[in-house]
Number of protein chains: 2
Amino acid sequence: MTEVGTGYPDRVKPSGRPTIKDVAKAAGVSPTTVSHALNGKGVVRRETVQNIERIAAEIGYRPSAIARGLQNSRLGLLALVIRPFHSLDTFLPEGVDYFLRIAGSASLTAMEHGYSMMLVDDPTRPGVPLSALAADAYIVTEPFEDDPVLTMLTEQRIPFVTVGADPARRGEFLEIDEGAEQQASLMISHLAEVGARRIALVAGTDRNDWNLGSIRTLEAWAAERGQEPLVFAMPEAEGEQAGETIVEHFFDGDPVERPDAIFCLTGRHAAGVTAAAIRRGIRVPEDLLVAAGSGAMQNRTSSPTVTTLDLHPEETARRAVEIAVRLAEGRDLELPLTVPSATLDIRESTTRG
Amino acid sequence: MTEVGTGYPDRVKPSGRPTIKDVAKAAGVSPTTVSHALNGKGVVRRETVQNIERIAAEIGYRPSAIARGLQNSRLGLLALVIRPFHSLDTFLPEGVDYFLRIAGSASLTAMEHGYSMMLVDDPTRPGVPLSALAADAYIVTEPFEDDPVLTMLTEQRIPFVTVGADPARRGEFLEIDEGAEQQASLMISHLAEVGARRIALVAGTDRNDWNLGSIRTLEAWAAERGQEPLVFAMPEAEGEQAGETIVEHFFDGDPVERPDAIFCLTGRHAAGVTAAAIRRGIRVPEDLLVAAGSGAMQNRTSSPTVTTLDLHPEETARRAVEIAVRLAEGRDLELPLTVPSATLDIRESTTRG
DNA sequence: CTGAAAGCGCTTACAG
DNA sequence: CTGAAAGCGCTTACAG
């Protein structure tokens, strides 16, 4: 026994986790056999397998994900890149629901498929941890126009799926998305149905498909009616604070240009607009219809409650993860790249009489 | 050039990412030198370094986090274990804010320190991905009594810090926490100050310190006054639905036992209680004070708005990550294990006159 | 049925 | 200043 090694016959070495060698030594077999036994590969005698399993359990052996990952360069790790992370100011209690719901659902779905889920902000920033690039596949939500993250993942040949399209490269990548235009149309039709003639759109400032597509849709709608489109862009992070500015913008100008409906893409803007309008004596929904493109919690509890789109983020995240898992495993997709359609949650702010 | 290898002099091999060998070959040096040059270790001539850097950039080389992790068994990965993940029903729009705010803040703080952050549900469940155990250090929020996760991490010698104590093993592990008792006292004192004589506590059903410590505190408070404590446990996931049941429980019984204040640990329960009380003609705050231990969004927008504790989850997460990073790097803690104190957000539900 | 050897992509003494 | 060798903890042909 002059062998170099742990030198601890029946015990693991004093520091660090037990390795496959420790198990092999304790069981009096080779590492190869341990590997075979524990993974059900090759042919190993029943008794040997059972003995090895017992000993492995005894000494608390767990294979290292890292070492195993080195073989197939797969860690069993997925990454969710929430592009508008910083724009969101996520950490205020008013934080936009949508992405948090995505993150929660994605994490759980990943676990169900035997993957862990990493939350990544921007893997192209200088100084990102190497681990931020170590996932087997990526999900990128709401990519920006010509998004460098997508470019980089492509260059590195790391598989990914996008939730929402890169507005400048639609169709170039694997994307799941209902399409912002479709979603915006749903709300605009609803507003028109309940009487709106002059709909203003309040978008965010990120150059993603959600903002750009919605703006295009509103512009088209206005053009059909020979109107100048009423569009206002406001940073997402402003939250409810933005309400005052938005209302001022639309109501302090020329009276003929005043909207009779304001469609805010983010729920927090809509909440702010409703409050600001009421403070000015503008009644909602009597004088002004208000709606939001993505529900925030306060839209359900404010007075009046505010009509929103439900984008079904949990379901979308679930699909995205299923796709990412297939990409990670190099399997065929065989999946329709469909996503649940947005639905309307009609509330007081667009219900007259 | 009959050498075995990539065989692509100036190019990387057709599939897979370029490795250090590809760079070495293209630069006409050894892998060792590439490693030295790119990591600033050893002594390499300036020109050689620059040449290697240029070539590495050209072929898009990035070191593999996995291979590097194998040396020091560190991936640059932290894990956040949100224990009550399932109890929370996180994915409804009413989802408890607290943990989502923790997750967001933790992810960002991790990135700032050069780490990625993984969201893990329960790493002790059979069939969890290996990667769920591959983090360099863990943060476990609100562990249960005798929490198996803590036991397992200890056995595996994986460093971790706890947010909130394991109620059965207080002080045995590294924990940061203001202490549920202190937090509950803050709210109970406030309620007493504004006139409550008979305070009921609605706790959750998870056996964590937050629930157990709060119950103890209320019991002590009642005992001091020679009262039977009014305590009711309700699954966290019931959310606002629970309001009706809770109000029934306290108001359909013996009149002398009716509370004049209800302190719900979760914001959603408080929202439900407020609504249910009002439906019964019980006025809030005139007849009944209502407060929540952890703010949910709807408490700020409901009518009446509901008084809550602000636990400052972002700041807490930040501290937890800083500690986890030090643990991961085997550095001295040198940090006070303090955490921001809870503060009161006093709102209409406890403001009389 | 079992094990020695090579290799995954790096890093780190160590020798030249 | 540079590189050959060993090793991190596994798996996977392959030989016995």
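In what follows, chains carry the letters A, B, and so on, assigned in the order in which the sequence lines appear, proteins first and then strands, with residues in each chain numbered from 1.
- We find that NZ of B:Lys25 is positioned 15 Å from C1' of D:dG3, with the value rounded to whole Å.
- When the side-chain nitrogen and oxygen atoms of B:Ser30 are compared with OP1 and OP2 of D:dG3, one or more of them lie within a distance under 4.0 Å.
- If you take CD1 of A:Ile66 and C1' of C:dC10, they are 12 Å apart, rounded to a whole angstrom.
- What separates CG of A:Asn39 from P of D:dT12 is a distance of 8 Å, to the nearest Å.
- Summary of the strand contacts: B:Gly28 and B:Leu70 both lie near DNA chain D, and taking for each the nucleotide with the nearest heavy atom, the more 5' one is attributed to B:Gly28.
- B:Gly76 and B:Asp136 make their closest contact through N-OD2, 2.6 Å (heavy atoms, listed as atom of the first residue, atom of the second, distance).
- When the side-chain nitrogen and oxygen atoms of A:Thr48 are compared with OP1 and OP2 of C:dT2, one or more of them lie within a distance under 4.0 Å.
- In this model, the phosphate group of C:dG9 is not approached by any side-chain N or O of B:Lys21 to a distance below 4.0 Å at OP1 or OP2.
- In this structure the side chain of B:Glu53 reaches within 4.5 angstrom of the side chain of B:Val49, judged on heavy atoms.
- The side chain of A:Arg45 contributes no N or O atom lying less than 4.0 Å from OP1 or OP2 of C:dC1.
- Checking C:dG3 for Watson-Crick or G-U wobble geometry (two distances, each under 3.5 Å) identifies D:dC14 as its partner.
- Taking only side-chain atoms of A:Ala67, from C-beta outward, the nucleotide of C:dG3, C:dC10, D:dC10 with the closest atom is D:dC10.
- Rounding to whole angstrom units, NE2 of residue A:His36 and C1' of D:dC10 are separated by 12 Å.
- Annotation for B:Arg17 and A:Gln156: closest pair CG-O, 3.5 Å, computed over non-hydrogen atoms.
- For A:Ile20 and C:dC8, the CD1 to P distance is 18 Å, given to the nearest whole Å.
- At a threshold of 4.0 angstrom between heavy atoms, the contacts of A:Arg74 with the nucleic acid are absent.
- For A:Arg207, the CZ atom sits in a loose shell: 12 or fewer heavy atoms of surrounding residues, nucleotides or ligands are nearer than 6.0 Å.
- Using a 4.0 Å heavy-atom cutoff across all strands shown, B:Ser35 reaches at least one base atom of the nucleic acid.
- Between B:Leu133 atom CG and D:dG9 atom P the separation is 16 Å, expressed in whole Å.
- In this structure, B:Thr32 does not reach the D:dT2 phosphate: none of its side-chain N or O atoms is under 4.0 Å from OP1 or OP2.
- No engagement by B:Arg46 is indicated, since no non-hydrogen atom pair under 4.0 Å with the nucleic acid exists.
- In this structure, the NZ atom of B:Lys41 is 9 Å from the P atom of C:dA13, given to the nearest Å.
- Nearest heavy-atom pair across B:Leu38 and B:Ala56 is CD2-CB, 4.4 Å.
- Using a 4.0 Å heavy-atom cutoff across all strands shown, A:Val43 reaches at least one base atom of the nucleic acid.
- Atoms CD (A:Gln71) and C1' (C:dA5) sit 14 Å apart, rounded to a whole Å.
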